[in-house]
Amino acid sequence: MSQSSFGKKFVVTTWGESHGKAIGAVLDGCPAGLSLCEEDIQVFLDRRKPGQSRYTTARKEGDLVEILSGVFEGKTTGTPISLLIRNTDQRSRDYGNIAYSYRPGHADFTFDQKYGFRDYRGGGRSSGRETAGRVAAGAIAIKLLNELGITFTTYAKSIGPVEIQTFSEEEIRNNSLCMPDAAAAEKASAYLEKCLENQDSAGGVIECRIKNVPAGLGDTVFDKLDATLAHAIMSIGAVKAVEIGDGIQVSQLTGSQDNDGFTQENGIISKTSNHAGGIMGGMSDGSDIILRAHIKPTPSISQPQATVTSAGEKLDLEIKGRHDPVIVPRAVVVVEAMAALTITDALFANMSARMDRIHEFYHR
């Protein structure tokens, strides 16, 4: 598996650079017979694309997806699905001043140390624009999982110091910050206005709730479901921490507070609480999977920042170009996509371990 591929049974490989001709993904392992068209994917890309509000980059990309292979007469064929998204609004001239200097908070220095050469235009391969390919592939995973009754609710839990106090799923789509709390969204907007005035940026927390995942997905050692979810979410460039269930709070609890009890009703075993976030012993337990991704502030800010050139010369760098003062709202669908790719891969791995489930899936 190359550094640009994720998954074992349901494998996505992304390709392309921020200022290249196009970006995209190849998805291998999708079963034949799934109804799929470009619009199924486009609705997810529209949630991620730039230029949608004052708090996103002004770069105007339609992010229109083209399905090049793997679909015939509206159905997947079981062969690799190739997805293309053309870049149409690059302004490479904005990056001339960083060709030989290292932007604080970016991959410029580490890219040079690894390869000795880099595409400095918008970060090249390390740009957040790479995530469009993930979202396109993740949209297919979500459509497949939805047919099995598995659903996702993903939103901004906090932006900067502002955290939601109430929850309304309908409200997530009603404000540009993807917050399920209208009052919190208004406060977060005011906070972002101050960041813009100060030529600064903000981070936040994204929460994803996954319902109706069957018990038993995952493994007991290195491929624990929470481990693979953490791997998937941490592979998103802006993510600096991942929590499952109670997350870091468990370090302050006692065993009696943290343990989830069990009960049985009408022959169905369920938990009395969900501190574990839907995963125990590395495997799904049938309750909602709850994960959170902590997103760092956008590193591209207009304030002068101390750095050096590749030759070691000191300078104060002011980053030009069109950048998001907060990437949390656009990253919501990226987190959702990577979670869906992980669950689908685990589902297919679990099915491969039991022939009865393979037959059940393919002959349902």
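Values reported hereafter were calculated over all heavy atoms of this structure, with side chains retained and with hydrogens, waters and symmetry mates removed.
With hydrogens and angles left out, the side-chain atoms of Arg48 and Thr131 include a donor and acceptor closer than 3.5 Å. Thr14 and Glu130 share a donor-acceptor pair across their side chains, judged by distance under 3.5 Å alone.
Leu341 and Trp15 end up in different hydrophobic clusters when Ile, Leu, Val, Met, Phe, Trp and Tyr side chains are linked at under 4.5 Å.
Comment: Lys224 does not engage Asp219 in a salt bridge, judged by the lack of any side-chain N to carboxylate O separation of less than 4.0 angstrom. Between Asp200 and Lys194 no salt bridge is recorded (no basic side-chain N to carboxylate O distance below 4.0 Å). Between Arg209 and Asp288 there is no salt bridge, since no side-chain N of the basic residue sits under 4.0 Å from a carboxylate O of the acidic one. Between Asp345 and Lys9 there is no salt bridge, since no side-chain N of the basic residue sits under 4.0 Å from a carboxylate O of the acidic one.
Looking at Leu144 and Pro31, their side chains come closer than 4.5 Å, going by heavy atoms from C-beta outward. Inter-residue side-chain proximity for Val333 and Thr154 is flagged as unmet; no heavy-atom pair is nearer than 4.5 Å.
Of all non-hydrogen atoms in Leu84 and Ala22, the two that sit nearest each other are CD1-CB, 3.4 Å. Shortest non-hydrogen contact noted between Ser201 and Pro297 is OG-CB, 3.5 Å. Here the closest non-hydrogen pair linking Gly282 and Asp226 is CA-OD1, 3.8 Å.
For the atom pair CD1 (Ile67) and CD (Glu39), the distance works out to 10.5 Å, reported to the nearest 0.5 Å. A distance of 8.5 Å separates OG1 of Thr307 from OH of Tyr102, quoted to the nearest 0.5 Å.
Asn87 pairs with exactly one of Glu17, Arg129, His19, Lys21 by the side-chain hydrogen bond (donor to acceptor under 3.5 Å, both in side chains) rule, that one being Arg129.
Ring centroid separation for the pair His231 and Phe6 comes in under the 6.0 Å cut-off.
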